[in-house]
Amino acid sequence: MEEITEGVNNIIIADSHKKNRIQVSNTKKPLFFYVNLAKRYMQQYNEVELSALGMAIATVVTIAEILKNNGLAVEKKIMTSTVDIKDDSRGRPVQKAKIEIILGKSENFDDLMAAAAEEREIAGAEELS
């Protein structure tokens with residue numbers, strides 16, 4: 001019975017880890033969509049996993065650097081690998097590069113986010129007056 005409980009707990013941990021993953025495409029959404037989404041995920045889960053294949057890798061690195069340079073995130077882990085993807089036109093698998101970057105909240109993340117929210121409120125109030 002103890003093994004079953006432990007297995008269920010492991011499943012829950014694995015599922016919660018996937019909730020904070022952002023799979024980045026360099027064609028579907030603008031860059032700052034992903035930057036803002038990553039901020040929101042860090043607020044909710046304290047860390048975010050950015051993942052990309054092929055040409056989108058540069059976009060993921062840019063997102064991570066923006067968050068780090070603005071003092072919002074710290075780098076926890078970077079993983080690179082290759083994955084086989086079936087190419088229908090060639091009929092054989094093609095290898096694509098893959099990157100996963102895990103970022104955690106910086107020490108002053110909450111302060112910076114609160115200051116940004118306050119600035120938005122002030123700007124909104126100025127527009128109304």
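We number each residue from 1, following the sequence as shown.
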For [X] against [Y], the heavy-atom pair lying closest together:
| X | Y | answer |
| --- | --- | --- |
| Ser51 | Glu100 | OG-CG, 4.0 Å |
| Ser106 | Gly71 | OG-O, 2.5 Å |
| Tyr41 | Lys19 | CE2-O, 3.4 Å |
| Val24 | Ala56 | O-CB, 3.5 Å |
| Phe109 | Met42 | CE1-CE, 3.8 Å |
| Lys98 | Ile57 | N-CD1, 4.1 Å |

Result for side chain to side chain contact (heavy atoms under 4.5 Å, CB included) between Ile63 and one of Leu37, Leu50, Ile22 points to Leu50

Residues Leu112, Asn70; criterion side-chain contact (heavy atoms from CB on, under 4.5 Å); working and verdict
CA-CA 9 Å; Leu112 291 168; Asn70 288 331; over 6 Å; no

Atom pair [atom1]/[atom2] of [X] and [Y] - distance to nearest 0.5 Å:
| X | Y | atom1 | atom2 | answer |
| --- | --- | --- | --- | --- |
| Gln95 | Thr82 | CD | OG1 | 4.0 Å |
| Lys28 | Tyr34 | NZ | OH | 7.5 Å |
| Met113 | Lys39 | CE | NZ | 5.5 Å |
| Glu118 | Glu121 | CD | CD | 7.0 Å |
| Ile101 | Lys76 | CD1 | NZ | 14.5 Å |
| Ile102 | Asn20 | CD1 | CG | 8.0 Å |

Is there a path of hydrophobic side-chain contacts, each under 4.5 Å between heavy atoms, that joins [X] and [Y]?
| X | Y | value |
| --- | --- | --- |
| Val60 | Val83 | no |
| Val35 | Tyr45 | yes |
| Ile78 | Val74 | no |
| Leu103 | Phe33 | yes |

Taking atom [atom1] of [X] as the centre, does the number of heavy atoms from other residues, nucleotides or ligands within less than 6.0 Å exceed 12?
| X | atom1 | result |
| --- | --- | --- |
| Lys77 | NZ | no |
| Met79 | CE | yes |
| Lys29 | NZ | no |

Can you check whether Thr59's main-chain N or O pairs, donor with acceptor, with Asn26's side chain at less than 3.5 Å?
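A pair under 3.5 Å: no.
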
Let's go through Leu31 and Ile66 carefully: what are the C-alpha distance in whole Å and the side-chain angles of both, what is the deciding distance for side-chain contact (heavy atoms from CB on, under 4.5 Å) to 0.1 Å, and is it a yes or a no?
CA-CA 10 Å; Leu31 178 70; Ile66 288 169; 3.8 Å; yes

Could you walk me through whether Lys105 and Asp110 satisfy the side-chain contact (heavy atoms from CB on, under 4.5 Å) test, starting with their C-alpha distance in whole Å, then the side-chain angles of each, then the deciding distance to 0.1 Å, before giving a yes or no?
CA-CA 8 Å; Lys105 278 183 175 182; Asp110 294 320; 3.3 Å; yes

